[in-house]
Amino acid sequence: MARTRFVCGNWKMHKTQAEARELVRALGALLAPVAGRVQVAVAPPFTALSAVQAALAGSAVELAAQDVHWEKQGAFTGEVSAPMLLDAGCRHAIVGHSERRQLFGETDETVRKKVVALLGVGILPIVCVGETLAEREAGRTLEVVGRQVQNALQGLPAPDVARLTVAYEPVWAIGTGKTATPAQAQEVHGAIRSLLRDLAGEAAERVRIQYGGSVKPDNAAELMALPDVDGALVGGAALKADDFIQIIRGAIR
Ligand code: 13P
């Protein structure tokens, strides 16, 4: 099945509102020729969502959040809910990023609750999974990633699974300049696809599986040419308009 490739820029904790507007403006001019051929989103920090939403008006680029809380509202200081993200114009939200798992106590169970909360308001989750270097070296990659996927999707009906994006981000490749080789990426992406088939049948063919971890202009096209790599979740290189555009061009079939 031909899946539209999906490239999302995760800006992490970067960009003031003015800087965010400037980046979106630069992207807009460069993106016009690829509009409609690749799905593109950007995930600014919460404080810049509204500025970026305004700056994206009339463009095909979609807005994403970097995280969400699973409750709709309440006494949860510092948190932002799915209805709030919808109100801010988000079409997607990243959940379970390894930085949140490692630094902020995210677990498979909180990821699952966040997925349910997002789907409940019509926001499309990007579920991040990935093994650490120690787990890879111990030969546990497929076990760890399989467990993360299975737990995140537990209890979800197949039509909901079809709305997900899974981002495979090996922790050792994030921000290190060490990208997974095409063989390493395809092995894990293929295993995720086959697990999704077991869990949700045909819906698995519709799930986009992004690769993330030191995606750069010079490796993006090769990775996205792999059969089960349907796009990229891009960190550092998404902060520079020229680099991000080159990565998006690499996603055109
Ligand atoms: P880098 O592209 O900077 O390695 O970050 C990847 C990432 O964590 C995207 O979510």
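First listed ligand is number 1; within each ligand, the first listed atom is number 1.
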Visitor: With a cutoff of 4.0 Å, is K216 in contact with ligand 1, counting heavy atoms of the residue only?
Guide: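 False for this residue.
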Visitor: Using a plain distance cutoff, I'd like to know if G175 has any nitrogen or oxygen under 3.5 Å from a nitrogen or oxygen of ligand 1.
Guide: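 There is such a contact, yes.
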Visitor: Could you tell me which atoms of ligand 1, counted from 1 in the order shown, lie closer than 4.0 angstrom to a heavy atom of G213?
Guide: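 Those of ligand 1 that fall under 4.0 Å from G213 are 4 (O), 6 (C).
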Visitor: Which of the atoms of ligand 1 are close to L233, meaning less than 4.0 Å from one of its heavy atoms?
Guide: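 Per the distance check, 9 (C), 10 (O).
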Visitor: Can you figure out which of H97, K178, Q210, E99 has its heavy atom closest to atom 8 (O) of ligand 1?
Guide: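 When every heavy atom of H97, K178, Q210, E99 is considered, H97 comes closest to atom 8 (O) of ligand 1.
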Visitor: Count I, L, V, M, F, W, Y as connected when their side-chain heavy atoms are under 4.5 Å apart, and connections chain through other members. Are V111 and I94 then in the same cluster?
Guide: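 No; tracing contacts between hydrophobic side chains, which count when under 4.5 Å, never links both residues.
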Visitor: Have a look at ligand 1 and work out which part of C128, if any, has a heavy atom under 4.0 Å from it: side chain, backbone, both or neither.
Guide: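 C128 to ligand 1: no contact under 4.0 Å from either part.
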Visitor: Check whether the side chains of E62 and H92 place a donor and an acceptor atom closer than 3.5 Å, and report yes or no.
Guide: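 Indeed, the side chains of E62 and H92 share at least one donor-acceptor pair under 3.5 Å.
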Visitor: Looking only at protein heavy atoms, which one is nearest to atom 7 (C) of ligand 1, and how far off is it?
Guide: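 Residue, atom and distance for the closest contact: E169 OE2, 3.1 Å.
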Visitor: If you count the atoms of ligand 1 from 1 in the order shown, which ones are under 4.0 Å from a heavy atom of K12?
Guide: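 Reading through ligand 1 atom by atom, the close ones are 5 (O), 6 (C), 7 (C), 8 (O).
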Visitor: Taking NZ, NE, NH1 and NH2 as the nitrogens, is one of them in E22 or K15 under 4.0 Å from a carboxylate oxygen of the other?
Guide: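 No.
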Visitor: Hydrophobic side-chain clustering at under 4.5 Å (ILVMFWY, transitive links): who's grouped with L133? Put none if nobody.
Guide: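 The other cluster members (ILVMFWY side chains, heavy atoms under 4.5 Å, direct or chained) are W172.
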Visitor: One residue to check: N10. Relative to ligand 1, which of side chain, backbone, both or neither has a non-hydrogen atom less than 4.0 Å away?
Guide: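 The answer is the side chain of N10.
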Visitor: Just jot down the ligand 1 atoms closer than 4.0 angstrom to any heavy atom of G236, in number order.
Guide: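 Listed by number with element: 1 (P), 2 (O), 3 (O).
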Visitor: What protein heavy atom lies closest to atom 2 (O) of ligand 1? Include the residue and the distance to one decimal.
Guide: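 Scanning the protein heavy atoms, the shortest distance from atom 2 (O) of ligand 1 goes to G235 N, 2.9 Å.
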Visitor: Could you check whether E135 and T132, counting side-chain N and O atoms only, form a donor-acceptor pair closer than 3.5 Å?
Guide: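 Distance-only check passes for T132 and E135.
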Visitor: Within ligand 1, which atoms have a heavy atom of A173 less than 4.0 Å away?
Guide: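 Every atom of ligand 1 under 4.0 Å from some heavy atom of A173: 4 (O).
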Visitor: What do the steps show when you test R147 against D108 for side chain to side chain contact (heavy atoms under 4.5 Å, CB included), and what is the final call?
Guide: CA-CA 9 Å; R147 187 206 71 220; D108 287 354; 3.0 Å; yes
Visitor: Which heavy-atom pair separates E99 from F104 by the least distance, and what is that distance?
Guide: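 What the structure gives for the nearest pair is O-CD1, 3.7 Å.
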Visitor: Is the closest side-chain donor-acceptor distance between Q102 and S98 under 3.5 Å?
Guide: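 Side chains of Q102 and S98: no pair found under 3.5 Å.
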